Participant: 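Dumping the structure here so I can ask a few things about it.
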Amino acid sequence: MFLHPVMCSAVHVVPDGAISLFHLSPSSYTKSSSINNSSSLNRRSTDGDKAGADIESLKKQLLIVDQRLATLTGRLEVLKAVQQVLPAVPSGTEINSETDEPDSLETTKDVTSSIQSVTGTIRQKKGVGKITSSNTQSANESDLLALLQLERLAQQASRRDYELLRKQYQRLKEELEWRDSGHGDDLGDAEFSSELISDRDRDSDSVQMKPCVALKSWTWRSSSTVRSSRQSAATIRQSHRGDNTSTCSSLESTSLASENKHLWNEIHARDRIIAQLRSTIAELEPVTENARAEAAQRDMINKELDRKNQELQMVINNLTANIEALRAYQLTEQHIHDKTFISSDDNIQRKRTYKVNENKEFVQMRGMITELQQKENEYKSRIEQLEKVLRQSNSLPEVPNLEELERHVTHMEQELEKKNEQLVVFEHYVATKEEEYSILKHDLETIQEENCRLKSEVNETIYRDRESNVEKLEQVGRELQQTLEANKRLIEDINRERVLRKKYFNTIEDLKGKIRVYCRLRPLTPVEQRIQHSVANVIDPYTLVINTPKGPKEFHFDRVFLPDDTQETVFEDTHTLVQSAFDGYNVCICAYGQTGSGKTHTIIGDDVQPGLATRTFQRIFQLAADHHAQFDVQVSCSMLELYNDRLIDLLRLSDQAEVKLEIKKDKRGIVWVQGSRISPVTNANQLSDLFQRGLNSRHTGSTRMNDRSSRSHLIVSINIECTSRLHGTVNHGKVSLLDLAGSERFAKSGSTGDQLREASSINKSLSTLGDVISALASEQPHTPYRNSKLTMLMQDSLGGNAKTLLFVTASIAAFNLDETLTSLTYASRAKAVTNAAQKNADCKEIARLKAIIHKLRRGEDDVEDTS
Ligand SMILES: Nc1ncnc2c1ncn2[C@@H]1O[C@H](COP(=O)(O)OP(=O)(O)OP(=O)(O)O)[C@@H](O)[C@H]1O
């Protein structure tokens with residue numbers, strides 16, 4: 001009976017119960033091992049395959065051992081049955097199965113004698129093995145005993161074999177479990193063998209013994225048993241030579257020996273096979289590695305092919321989408337074309353764009369086809385290379401992955417075929433697209449022709465329309481120009497009217513006796529320009545807006561002079577008042593404001609830019625000259641200074657004794673200073689010189705706010721007496737020019753000592769002036785003129801018998817915002833003040849009598865009328 005073909009051995013049970021183990025020939029075993037090994041190597045392509053192969057091998061060995069064990073168990077059963085029918089071994093002749101094997105004839109005899117009596121029983125009960133088969137009536141008892149002894153020996157050997165096999169079985173089972181649990185994968189064959197050999201040397205019965213060694217050990221035991229059996233048999237044969245009945249037992253013994261020899265040979269053959277397998281494995285390892293690397297490379301190629309395939313698929317998708325878009329566009333165009341023949345530049349542009357896009361797409365498609373062909377060539381060459389490698393691999397002995405490689409190549413070829421098919425489809429698609437392109441091109445040409453025709457029509461229409469439109473436009477332009485000019489004239493008229501209205505309003509206000517208030521803004525100094533900004537915004541000649549942190553604040557004046565307005569400009573609005581003085585009115589021109597804001601500049605000026613005073617002087621004498629035929633004009637001048645609340649006559653001669661100056665007011669309300677020197681002048685230069693002399697005596701000083709600060713109030717009075725040559729009437733006019741000292745903040749002006757005292761006096765007098773203005777503006781019953789000499793001096797100018805022009809000067813620098821706001825607020829309030837100016841005129845008789853009185857006062861004798 002043969003077991004599985006891959007088994008290296010088979011168990012043959014002879015019909016009479018004897019067991020014979022034999023082996024396949026080494027060559028056949030090698031072949032089957034080679035096949036098995038080949039499959040094993042294939043499995044080893046992965047790391048787990050090795051362990052799997054080992055487990056398989058162990059399982060097979062286990063199966064063999066199992067079967068052998070079963071056989072031996074059966075054999076043991078037979079022997080047990082024999083033993084049962086055998087007589088009991090006498091005491092003292094017990095045999096130690098391990099050490100004292102009864103292989104001597106004496107021992108055999110002892111045993112034989114004790115069992116002699118039961119021989120017949122054995123014959124009757126059962127024929128066991130070849131002992132009974134060869135039994136003859138002529139065999140003597142000694143032969144029988146020898147035979148029984150041999151049977152016992154065989155039994156003992158079988159027991160030992162059984163034990164060994166049981167242990168081997170147990171060990172193999174553990175080994176299998178151990179490997180199933182995933183251990184021992186790393187255990188090398190060489191290590192394994194050496195361990196087995198050392199185990200054999202240590203203890204052949206150890207449960208740790210490995211299969212091969214166990215088998216060898218078992219074989220060795222068997223062989224030693226066989227040897228001892230053989231020796232026993234030889235001894236028996238020698239002792240019973242010539243005895244025919246011993247022949248049979250000798251033959252049996254020989255059979256066991258030959259069986260053991262077979263086993264021994266089988267072990268050697270297995271060892272050789274194992275060695276061969278190991279060397280084969282060692283040879284095939286690099287081939288396996290190569291095959292693995294090749295497989296990895298092919299995997300990469302496969303991935304690359306997949307990626308390319310995806311790219312191709314995307315390209316195909318894009319192209320399909322483009323075709324759909326083109327078709328849709330074509331349909332839309334057709335629809336538009338059918339519906340209307342209105343063409344425009346947009347259509348042409350769209351077509352051109354489409355054409356350009358289409359050309360681009362075809363260029364892209366061609367590029368992709370070329371790319372694909374290149375890829376195909378690359379893949380072909382790559383496949384050739386791989387086939388070459390494959391052929392080389394095929395030439396190697398026992399390449400385990402050959403079939404796989406071939407399968408892979410086949411797969412690759414199939415892929416290539418698929419790609420080729422795709423390429424053919426794609427080429428077909430491109431051909432279709434080219435056809436569509438030619439159709440669309442034709443359509444485009446048709447549309448372009450249509451478009452050209454429509455365009456020329458449109459151009460003609462446009463040209464015709466343009467002609468008429470140009471005429472219309474010219475007409476509209478002319479009308480627009482006329483409208484603009486009319487508008488401009490209207491604006492000019494409005495401005496003129498507004499100025500006139502203001503002028504008339506001022507005149508009315510003058511007639512009413514209102515104080516005229518002018519505002520003059522000082523330009524920023526170079527230093528201020530660097531670090532300051534302007535807070536003033538002049539809306540029109542009458543409106544000033546000051547930007548404060550709380551918001552813009554608006555002020556209205558009779559006139560606002562800008563920082564760059566010249567002295568001439570300022571005087572233009574003033575000279576009419578000079579005329580009023582000729583008409584017999586008291587005129588007061590006063591400058592009020594913060595220190596350094598331009599009061600002195602406005603009233604006095606300098607040689608280059610003379611102020612109002614000098615210009616007034618010139619104007620008086622010009623008017624006198626102009627009216628010389630009608631009027632005899634007498635001009636005199638007084639010049640006072642109010643310094644530290646003390647009046648000083650600036651025209652007093654140096655050799656003249658200082659007299660007490662007292663402020664007086666006549667019954668007409670005209671203020672005059674008793675004791676002051678009144679100097680007659682006959683021309684403008686004489687007056688200017690006198691004025692200049694008086695200025696030289698004025699108190700000035702340098703402060704932080706002004707290099708040449710006026711530390712006093714200046715009052716210049718020019719008396720004009722006009723006597724009509726025709727009627728003898730006399731007009732007494734007076735022009736008062738007041739350059740007030742500026743209000744100042746001590747911290748800013750940096751005044752100390754005398755200057756501090758001066759500033760304190762100045763501020764106090766200006767404060768009383770403010771009180772007077774407030775009282776007058778609010779029309780209070782009492783006006784506090786007598787609170788200071790300044791207000792007493794200005795009594796006929798503010799709310800009195802005078803035409804007053806108040807200049808409020810202000811700085812536009814943000815630094816002076818507070819002072820500017822204060823000055824402007826006071827000036828605005830002053831606007832509400834009304835004067836009651838009356839003409840100072842006497843009739844001819846009164847004038848004659850006054851002249852006589854005047855002469856008498858001077859001590860003249862001739863008091864008769866000379867006029
Ligand atoms: N409108 C202006 N254009 C050009 N320069 C001006 C103008 N106003 C004032 N100034 C210059 O500013 C400086 C100070 O002016 P001014 O002396 O007239 O101030 P003030 O008000 O009289 O000062 P104070 O009260 O201290 O006498 C002068 O140098 C003057 O020339």
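Computed over heavy atoms, backbone and side chain alike; hydrogens, waters and symmetry mates excluded. Ligands are counted one by one from 1 in listed order, and the atoms in each one are counted from 1 as well. These figures come from a predicted structure and were not determined experimentally.
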Participant: Decide whether an N or O pair under 3.5 Å exists between T809 and ligand 1.
Facilitator: no
Participant: Do the charged groups of D739 and R698 touch, with an N to O distance under 4.0 Å?
Facilitator: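 Salt bridge flag = yes for R698 with D739.
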Participant: Which distance, rounded to the nearest 0.5 Å, do you find between the SG of C722 and the CG of D583?
Facilitator: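 That separation rounds to 8.0 Å.
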Participant: Would you say D739 has any N or O atom under 3.5 Å from an N or O of ligand 1, going by distance alone?
Facilitator: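 D739 vs ligand 1: no N/O contact under 3.5 Å.
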Participant: List ligand 1 atoms under 4.0 Å from R520, heavy atoms only on the residue side.
Facilitator: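 Listed by number with element: 1 (N).
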Participant: From atom 5 (N) of ligand 1, work out which of Q594, H601, Q609 has a heavy atom at the shortest distance.
Facilitator: H601
Participant: Check whether any N or O atom of A741, backbone or side chain, sits under 3.5 Å from an N or O atom of ligand 1, and answer yes or no.
Facilitator: no
Participant: Answer with side chain, backbone, both or neither: which part of A591 has a heavy atom less than 4.0 angstrom from an atom of ligand 1?
Facilitator: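 No part of A591 comes within reach of ligand 1.
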Participant: Can you name the atoms of ligand 1, numbered from 1 with element, that are less than 4.0 Å from a heavy atom of G742?
Facilitator: 25 (O)
Participant: For residues 626-640, tabulate all N or O donor-acceptor pairs below 3.5 Å that involve a side-chain atom, not counting sequence neighbours.
Facilitator:
{"residue": "H627", "atom": "ND1", "partner": "L623", "partner atom": "O", "Å": "2.9"}
{"residue": "H628", "atom": "ND1", "partner": "R725", "partner atom": "NH2", "Å": "3.3"}
{"residue": "D632", "atom": "OD1", "partner": "Q634", "partner atom": "NE2", "Å": "3.3"}
{"residue": "D632", "atom": "OD2", "partner": "Q634", "partner atom": "NE2", "Å": "3.3"}
{"residue": "S636", "atom": "OG", "partner": "N719", "partner atom": "ND2", "Å": "3.4"}

Participant: Considering only heavy atoms, which of S712, G598, S811 lies nearest to atom 9 (C) of ligand 1?
Facilitator: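 The option holding the nearest heavy atom is G598.
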Participant: Tell me every residue that passes ring pair (Phe, Tyr, Trp, His ring centres under 6.0 Å) with F561, counting only those two or more places apart in sequence or in another chain.
Facilitator: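 With sequence neighbours excluded, F561 shows a ring pair (Phe, Tyr, Trp, His ring centres under 6.0 Å) to Y518, given in chain and number order.
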Participant: Look at K472 together with E474 and state whether they make a salt bridge at an N to O cut-off of under 4.0 Å.
Facilitator: no
Participant: Work out whether the distance between some heavy atom of G596 and some atom of ligand 1 is less than 4.0 Å.
Facilitator: yes
Participant: What I want to find out is whether R559 reaches D573 closely enough, with some N-O distance under 4.0 Å, to be called a salt bridge.
Facilitator: yes
Participant: One thing to verify: whether E568 and R615 come together as a salt bridge, which I'm taking to mean a side-chain N less than 4.0 angstrom from a carboxylate O.
Facilitator: yes
Participant: Write down the atom of A581, the atom of I720, and the distance for their closest heavy-atom approach.
Facilitator: CB-CD1, 3.9 Å
Participant: For ligand 1, is there an N or O atom under 3.5 Å from any N or O atom of L521?
Facilitator: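 The answer is no, given that L521 and ligand 1 share no N or O pair closer than 3.5 Å.
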Participant: Please determine if R522 has a nitrogen or oxygen closer than 3.5 Å to a nitrogen or oxygen of ligand 1.
Facilitator: no
